[in-house]
Amino acid sequence: MQCVVLDCPDVMELATFYQRLLGGEVNRPDPQWAVGDAWATLHGAGGAPVLAFQGVADHRPPVWGAPEQQFHIDVRVADLDEAHEAVVALGAWRLDTDGGDRAWRIYADPAGHPFCLVRH
């Protein structure tokens, strides 16, 4: 797998969100990638796959739980409450509000893509 590409209205906003969440380097010089107003990359640490962000003017965020929902990203964390505070401060919002005591929580990134924080 070369990368995962997320469509979004603002590539730098979303690349910066995921950099703050996961670490890595936004738009690292790399001959494989041409970056610009409509394309950004996030090179993860330790050989993690590249996340790429493609600008789409008419982007419609996925709806969690809808049949057209295709995939989401899981992020492993040590403490769900601490991670919750951190991702909300970065611009995410919680999608699952049922409050159950389980090992994961579901959020949306600033462009509306779902991701989970999973306690390890």
Taking side chain as C-beta onward, heavy atoms only, is [X] less than 4.5 Å from [Y]?
| X | Y | result |
| --- | --- | --- |
| Pro110 | Leu14 | yes |
| Leu21 | Val87 | yes |
| Met12 | Asn27 | yes |
| Asp30 | His43 | yes |
| Thr41 | Val35 | yes |
| Tyr18 | Val26 | no |
| Cys8 | Glu13 | no |
| Asp79 | Arg119 | no |

Would the number of heavy atoms belonging to other residues, nucleotides or ligands and lying under 6.0 Å from CG of Asp37 be above 12? no

How close do [X] and [Y] get, heavy atom to heavy atom, and via which atoms?
| X | Y | answer |
| --- | --- | --- |
| Ile106 | Cys116 | CG1-SG, 3.7 Å |
| Ala108 | Phe115 | C-CE2, 3.7 Å |
| Leu42 | Ala15 | CD2-O, 4.5 Å |
| Ala83 | Leu117 | CB-CD1, 3.6 Å |
| Gly112 | Pro61 | CA-CB, 3.7 Å |
| Pro114 | Leu95 | CB-CD1, 4.1 Å |

State whether the side chain of Gln19 and the backbone N or O of Gly24 hold a donor-acceptor pair below 3.5 Å, judged by distance alone. yes

Give a yes or no on whether the backbone of Asp7 and the side-chain of His59 come within a donor-acceptor separation of less than 3.5 Å.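 A pair under 3.5 Å: yes.
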
Look up atom [atom1] in [X] and atom [atom2] in [Y], then write down how far apart they are to the nearest 0.5 Å.
| X | Y | atom1 | atom2 | result |
| --- | --- | --- | --- | --- |
| Phe17 | Asp10 | CZ | CG | 13.5 Å |
| Leu22 | Arg76 | CG | CZ | 12.5 Å |
| Ile73 | Asp109 | CD1 | CG | 7.5 Å |

Given Tyr107, which partner from the list His72, His84, Arg94 fulfils the side-chain hydrogen bond (donor to acceptor under 3.5 Å, both in side chains) test?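 Testing each of His72, His84, Arg94 against Tyr107, the sole residue satisfying side-chain hydrogen bond (donor to acceptor under 3.5 Å, both in side chains) is His84.
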
Would you kindly confirm whether Val50 and Val5 end up in one hydrophobic cluster when ILVMFWY residues are joined by side chain heavy atoms under 4.5 Å apart?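 Linked within one cluster.
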
Among Val77, Val118, Val75, which one satisfies side chain to side chain contact (heavy atoms under 4.5 Å, CB included) with Trp104? Val118

